[in-house]
Each structure stands twice: as structure tokens, then as C-alpha cells.
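In this text the structure is predicted, and so the values were computed from the model without any measurement.
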Amino acid sequence: MKAIQSVTITAAAVALLAFSAPVPAFSQMKDMPMMEHGQGHGQMMEMGHMDKMDDMMGMCLEHADKMGLSDDQMAKMKPLHRDMQKKQARFKADLKIAEIDLMEIMEVKDFDLEKAGSAVKKIADIKTAHHLDMLKGMKEMRTMLTDEQFKNMK
């Protein structure tokens with residue numbers, strides 16, 4: 001019976017290792033900047049995509065003459081762009097604080113799983129709210145463009 005349990009546990013451990021994504025061990029993670037912690041979980045891609053929304057608006061403003069933006073369009077887009085930049089800065093700060101809070105919870109050997117779960121949910125909520133804010137800003141900016149300007153933007 002013990003031999004069967006040992007084989008089952010070993011097989012489960014091998015399967016777990018074979019199908020898991022490579023991430024740094026916890027002892028290595030605590031010395032890493034917080035932004036690097038999420039690389040194995042798609043966080044960098046998500047944030048990169050949100051940054052691109054803001055960059056896209058900045059590029060439109062920078063190349064307004066090539067896109068054929070009117071003075072009125074520019075006057076409407078500039079405050080929207082600044083607002084998106086502020087939201088991006090707040091998001092990064094709030095996310096970093098929430099991640100630090102999670103790491104603080106997990107510092108002890110027998111950490112509180114319920115508190116950790118709440119911290120993870122808070123991180124997810126921060127990301128979701130930011131994503132929706134950025135999409136709202138993008139939608140608002142796109143409504144200011146003509147069909148031809150939208151094609152030029154792409």
C-alpha cells in the first residue's frame with residue numbers, strides 16, 4: 001500500500017513539474033522588482049497592452065498633421081490623453097501597493113490563505129477597473145476620428 005502511495009505521489013509531483021510554467025523560486029522572487037514577478041502569469045502582456053492604448057493616443061497627437069486632425073479634435077484629445085496618463089500612473093502605483101500587500105501576507109510560513117485570496121482578488125479588481133478605464137478612453141478618442149483618420153491611425 002505504501003509503495004502505491006509513493007508511486008502516486010511521485011507521479012503527481014512529476015506531472016505538476018512537467019506542466020507548470022517556469023517561475024523563480026520564492027527565495028529568488030523576493031529580491032526581484034515587483035514587475036518581474038508577474039512574467040509567468042501574463043501580467044507584462046496585459047500592462048504592455050494598456051500602455052499601448054496611451055501611446056496610440058500620444059502618437060495621434062504627435063502626428064496630428066499627418067492624420068489630418070483639426071484644432072477642435074486636438075483640443076478634445078489633449079485633456080483625454082492627460083487623463084489616461086494620470087490613470088495609468090495611478091494604476092501602476094495601486095497595483096504595486098496591492099502586490100506588496102500580498103507579499104507581506106505571504107512572508108510568514110503559515111500565511112492566512114483567506115487574506116491572501118482577498119489580496120489576489122484586489123489585484124484582479126484593480127487590473128479589471130484599469131482595463132475598462134483604458135477601453136472607455138480609447139472608445140471616446142475613436143469617436144472623435146473620421147473613418148479616414150482611423151485608417152491612418154492604424
S.K.: Can you sort out the partners of K76 under salt bridge (Lys or Arg N to Asp or Glu O under 4.0 Å), two or more places apart, ordered by chain and number?
M.R.: D72
S.K.: Of all heavy-atom pairs between F111 and M106, which one has the smallest distance, and what is that distance?
M.R.: CB-CA, 3.9 Å
S.K.: Sequence neighbours excluded, which residues qualify as side-chain contact (heavy atoms from CB on, under 4.5 Å) partners of A124?
M.R.: none
S.K.: For A98 and I126, which heavy atoms make the closest approach, and how far apart are they?
M.R.: CB-CD1, 3.7 Å
S.K.: State which residues pass salt bridge (Lys or Arg N to Asp or Glu O under 4.0 Å) with D83; sequence neighbours excluded, sorted by chain then number.
M.R.: K87
S.K.: As an exercise, state the distance from NE2 of H130 to CG of L135, rounded to the nearest 0.5 Å.
M.R.: 9.5 Å
S.K.: State the CG-NZ distance between D133 and K136, to the nearest 0.5 angstrom.
M.R.: 7.0 Å
S.K.: Closest approach of M74 and L61, non-hydrogen atoms and distance?
M.R.: SD-CD2, 3.7 Å
S.K.: Atom CE of M77 and atom CE of M84: how far apart are they, to the nearest 0.5 Å?
M.R.: 11.5 Å
S.K.: Quick check for you: to the nearest 0.5 Å, what is the distance between Q85 atom CD and Q88 atom CD?
M.R.: 9.5 Å
S.K.: Are more than 12 heavy atoms, taken from residues, nucleotides or ligands other than D71, located less than 6.0 Å from that residue's CG atom?
M.R.: no
S.K.: For the residue pair I105 and A119, what are the closest heavy atoms and their distance?
M.R.: CD1-CB, 3.9 Å
S.K.: With sequence neighbours excluded, what pairs up with L80 under the side-chain contact (heavy atoms from CB on, under 4.5 Å) test?
M.R.: M57, E140, M141, M144
S.K.: Who passes side-chain contact (heavy atoms from CB on, under 4.5 Å) against Q149, sequence neighbours left out?
M.R.: M67, L69, Q73, L145, T146
S.K.: For the hydrophobic clusters of this structure (ILVMFWY residues joined by side-chain heavy atoms under 4.5 Å, transitively), does one cluster hold both I97 and V120?
M.R.: no
S.K.: Quick test of your reading: applying side-chain hydrogen bond (donor to acceptor under 3.5 Å, both in side chains), list the pairs with at least one residue in residues 110-123, sequence neighbours left out, ordered by first then second residue.
M.R.: K121-D125
